[in-house]
Amino acid sequence: MVDQTKIAGKWQKKWKESKLFEKEKENKEKFFITTPYPYISGSLHIGHGRSVAETDIYARYKRMKGYNVLFPLGFHITGTPVLGISAAIENGDEKTIKTYKKYVSAYVEDEEEINKIIESFKDPQKVVDFFIPKMIDEYTQLGLSVDWRRSFTTGDMSHQQMVTWQFKKYKEIGYLKQGEYPVLYCPQDGNAMGEDDIKDGDSDAVEKQEWTLLKFKFGDKYLIAATLRPETVYGQTNLWINPEVTYYDVKVGQTTWVMCEKAAWKLSHQRKDVEIKQKTGELIGKKAFAPGLEKEIIILPGPFVDPDRGTGIVTSVPSDAPFDYTALRDLKNDKKTIEKYNLKREEIENIEIIPIIKTEKYGDKAGLKAVEENNIENQHDKKLTEITQEVYREGFHKGIMTKTCGEFEGMTVSKAKEAIKKKLIRENKASTFFETSRKAYSRSGGEVIVAVLDDQWFIDFNSKGWKEKAYKILENTELKPESYRKNFEEAFEWLDKRPCARKRGLGTKFPFNKEWIIESLSDSTIYMSLYTINHIVKENNLKRENLNDSFFDYVFKGELELEKASEETGVSKDVLKQCRESFEYWSPNDHRHTFELHLSNHLSFMMFAHAALLPDVHPRKISFHGLVMSEGGKMSKSKGNTVTLLDVKKYYGADIFRFYITNATTIESTFDWQQKEAESAKKTVEKIFEEIKEGIEKRKEGKVSSLYKSKYNRILKETTLYLEEMKLREYNHRAVFEMIHLVKHAKNNLEEDELKAFYNYILEGWIKIISPVTPHVAEELWENYGGEGFVSEAPWPKYDESLIDEKSEYIDSLKEKLKKDISEVLELAKVENPKKLTLIISSSWKYDFMKILKEKIKETRDQGVITKEIMVEESFKKQGKEVVKLIQDCLKHPNKIPEYSISQEEEKQLLEKNKKQLSQAYNLEIEIIQAENSNQGKAKSALPGKPALLVE
RNA sequence: GCGGGGGUAGCAAAGCCUGGCCAAAUGCGCAGGACUUAAGAUCCUGUCUCUUAGUGAGUUCGAGGGUUCAAAUCCCUUCCCCCGCACCA
């Protein structure tokens with residue numbers, strides 16, 4: 001067996017030594033292809049592998065087609081995850097340490113050394129420094145034809161300077177805005193919280209919810225109740241407060257609000273003018289004026305009220321809240337409590353449900369009905385939560401507001417919700433408040449709440465004229481497949497203000513306030529252009545001060561005179577010119593191959609950014625690939641089903657991976673890694689290798705029949721067309737499986753000399769067409785074959801359309817069918833020791849008949865009409881009923897009509913030619929006669945292309 | 001909820017746009033055979049059901065209807081699954 005790893009290593013080394021993929025401007029058509037760079041957060045896995053492997057296959061194809069190909073790749077380090085790794089190690093998080101130890105140990109053996117490296121990871125930059133070279137290695141071992149000289153990370157000076165330039169431009173044009181924005185925040189840590197910063201944040205996401213604060217006039221103060229259902233104000237019957245909780249007068253602006261202490265603390269992170277004054281006096285049994293309802297309602301004791309949700313004051317709507325209904329019912333029966341708080345029993349008894357929302361399922365008292373239907377006994381019933389959700393869902397989607405709701409009568413709940421909220425706020429009867437969707441804590445244990453930042457920077461995609469420009473870019477971009485265009489349009493519509501700076505993370509400092517870091521998707525939108533010049537920047541050791549705004553104005557925009565640009569940047573004219581020319585030569589990015597999930601963020605931002613700054617060089621074509629799963633599930637650390645590129649290297653090798661991942665499914669579908677399938681891919685790659693090797697040994701000049709020329713050229717043609725369209729699965733199917741089939745066919749049918757000539761005819765092309773997908777195996781074979789130079793650079797084989805001969809392939813297929821029929825009949829025939837096989841060729845008139853029928857059937861399927869028209873011919877009339885039967889039969893089974901019309905004579909010749917071979921194969925004497933000369937009953941059942949068989 | 005994608009034989013996965021040659025490519029698995037001392041690899045044959053000296057019948061492409069001479073493919077209804085819904089890479 002061939003050692004895949006050895007072959008891969010050998011050729012990767014040779015490619016590197018000959019700088020095969022390091023290209024400069026040339027007098028040749030260029031092709032610049034990119035795929036998004038990976039984010040540094042651990043080892044690369046097959047998900048990363050998919051996008052680069054697919055991109056590489058296409059890059060290699062284009063290279064063989066004669067293009068000067070550029071395929072560069074960088075690395076994304078911006079944002080919080082790398083920081084998270086460092087912080088976790090710093091905090092002694094064992095899981096993280098274990099994970100990274102394992103990873104480092106793949107490269108370093110010495111235990112002490114490993115510990116030292118892990119220790120160094122407390123500095124985020126060290127994480128990056130360690131990972132980048134390893135990742136380049138891991139990618140390289142996949143056989144990527146990447147020009148690594150041009151590589152950078154988003155933390156590199158050149159990238160940062162480019163992004164700084166970009167944001168200054170945004171500001172100039174007026175695309176940057178500043179304003180309020182709610183974020184998840186941990187007061188103890190003093191930081192905004194991303195998913196990674198929150199305990200279990202990845203498995204149980206924390207969301208920001210906007211609550212409505214209802215203001216209940218209470219003397220000169222307001223009691224503040226928080227609700228997620230402002231549309232239910234018309235059904236309020238009472239307020240609940242927790243008798244165990246202390247309530248405070250809180251000065252908010254000029255007015256005094258009443259709420260619990262925790263709520264005031266939260267509120268103080270959302271608005272500046274919050275100040276706790278004093279304890280509020282007794283509330284239970286008193287009345288407050290309910291907004292919306294515009295009536296006084298009573299304040300009742302509710303020990304169930306959670307002071308850590310909302311304000312600690314809850315408004316009660318028994319009509320639509322099963323919980324309120326139950327609590328109220330419980331209280332009515334609870335004499336002890338009523339006495340304890342000196343409540344008037346009668347007053348509570350008289351509280352009546354106010355219907356406000358009507359649904360088909362629950363009528364207009366959903367709270368009551370749901371509780372009764374489910375036999376809820378009291379407020380502690382665990383089913384209540386579930387029922388509440390069900391009632392809410394039903395009401396929200398199907399409910400209509402009743403006439404109690406005044407001007408909102410007849411409105412759907414989903415609409416009324418927003419309308420009523422707006423009205424209350426407008427009338428100063430309500431305000432808003434943000435709460436987390438669940439209780440959450442940061443990794444260091446501090447509570448996570450929602451804070452409102454008042455100086456958040458945004459990119460405003462709704463800035464005047466920007467969207468129109470972006471749509472133009474979209475129109476000019478080819479999409480593969482086109483069906484994604486609608487998604488882009490949706491995404492474009494939906495894009496609004498995007499916060500583009502954060503307080504934490506690695507990245508580029510926000511140019512107008514250095515405390516902020518540019519957010520990590522916003523900083524990765526125009527970097528394709530940087531690939532065109534980055535190696536020049538590095539070679540000439542340009543410094544931060546050189547790469548100032550003038551540098552990019554000149555190189556990317558050509559907006560300055562060379563002289564002036566050189567003066568302003570301190571870069572020599574030669575180098576500047578070299579950058580500009582390289583940029584102009586390689587731009588635009590001809591093709592970008594990406595994961596489909598990037599559509600609504602990265603790819604959309606990319607188009608907007610280009611529309612704003614570099615409209616002439618926007619990427620011209622975008623293709624998509626699907627998700628990667630493993631053994632039927634999403635890859636995740638916790639499941640332990642992640643397949644890394646290191647695993648790939650260890651167990652399979654580059655070519656097998658490349659073949660497997662592009663053959664198992666179409667490019668846009670989800671790919672599911674199955675170890676079993678990977679194993680069989682291995683066999684297939686080995687098989688190609690063996691087959692070609694065998695051919696190389698055997699090949700010899702000679703004559704090749706038109707059938708094999710035809711079959712081979714057809715495969716070549718289809719291979720080329722599919723690969724051009726980046727339909728990699730279909731391409732593999734031809735270049736690998738159909739070629740293997742063809743070789744099998746040749747081995748089974750050709751004489752030794754013919755086979756040698758056949759090999760000689762196909763081998764050069766075959767090695768070439770597998771080269772994009774299995775480049776190492778191809779190089780190895782190419783060397784064996786005696787090909788010139790690298791096959792990676794060899795010209796793509798041309799097919800000869802004129803050699804594709806449908807008819808001879810059809811005739812060949814008749815032979816295959818005949819063999820099948822013979823085997824079948826031999827098995828079924830109860831003839832012991834059969835000696836003779838008679839092949840009865842169909843009567844001559846049937847050939848004419850089929851020809852005519854084939855034409856007629858195109859016009860009509862009406863049996864009567866066809867029969868009439870065919871019976872006009874004397875020769876058919878003679879056959880009488882048999883013709884009618886045949887017409888019937890063929891209409892029902894159109895596959896009986898031969899694809900190609902051959903004559904009786906031609907069929908006879910075909911059989912005669914194969915007589916000997918068949919005779920040998922089945923060890924039978926074979927006789928061939930025409931139906932006209934046979935008196936066998938079977939003779940009638942013979943059809944053109946399908947002789948009747950007789951075994952004796 | 002909104003938006004997008006999908007449900008095909010034991011499994012994976014084509015076909016669907018542009019209806020007929022579709023009992024449905026291909027790969028895996030499985031069964032039988034060849035080769036082999038044997039295993040593996042490889043090769044050949046088969047793999048919805050029934051039937052048969054073959055080229056016949058029946059039931060299939062999530063479910064139910066419809067259009068059509070003809071539907072996996074077009075239309076309607078319905079069930080189920082997956083993904084995205086932003087500040088997160």
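In what follows, every chain begins at residue 1, and chains take the letters A, B, ... in the order their sequences are listed. Source: prediction; values computed, not measured.
Atom CD in A/Q675 sits about 22 Å away from atom P in B/G27, given to the nearest Å. Per the geometry, CD belonging to A/E490 stands 6 Å off C1' belonging to B/G3, to the nearest Å.
Separating the C1' atom of B/A63 from that of B/C79 is a span of 7 Å, rounded to the nearest Å. Going from the P atom of B/C82 to that of B/C88 covers 26 Å, rounded to whole Å. Comparing the P positions of B/U42 and B/C48 gives an interatomic distance of 23 Å, to the nearest angstrom. With C1' as the reference atom, B/C17 and B/C85 are 29 Å apart, rounded to whole Å. Comparing B/G4 with B/G54, their C1' atoms are spaced 50 Å from each other, to the whole Å.
Nearest to the side chain of A/A948, among B/A86, B/G54, B/G4, sits B/G54. Checking B/C85, B/C43, B/C83 against the side-chain heavy atoms of A/K687 singles out B/C43 as nearest. If you check B/G84, B/C88, B/C43 against the side chain of A/S600, the one that comes closest is B/G84. Taking every side-chain heavy atom of A/V951 into account, B/A53 is the closest of B/A53, B/C44, B/C87. Listed nucleotides: B/G54, B/A86, B/A41. Nearest to the side chain of A/R498: B/A86. The listed nucleotides are B/A53, B/C87, B/G29; the one nearest the side chain of A/K683 is B/G29. Here B/A53 is the nucleotide among B/A53, B/C85, B/G27 with the atom lying nearest to any side-chain atom of A/V825. Side-chain atoms of A/D496 lie closest to B/A86 of the nucleotides B/U42, B/C87, B/A86.
Partners of A/H733 by ring pair (Phe, Tyr, Trp, His ring centres under 6.0 Å), not counting sequence neighbours: none found.
OP1 or OP2 of B/G27 sits under 4.0 Å from a side-chain N or O of A/H741. Using a 4.0 Å cut-off, no side-chain N or O of A/K817 falls inside it from OP1 or OP2 of B/U55.
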Problem - Contact letters for nucleotides 9-22 of chain B, in which S counts primed atoms plus P, OP1 and OP2 and B counts the base, heavy atoms under 4.0 Å - result: ----SS-----BB-
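A salt bridge links A/K698 with A/E694; the closest basic N to acidic carboxylate O contact falls under 4.0 Å.
Ring pair A/W673/A/Y652: centre-to-centre distance below 6.0 Å.
No N or O donor and acceptor, one from the side chain of A/N487 and one from the base of B/G4, sit under 3.5 Å apart.
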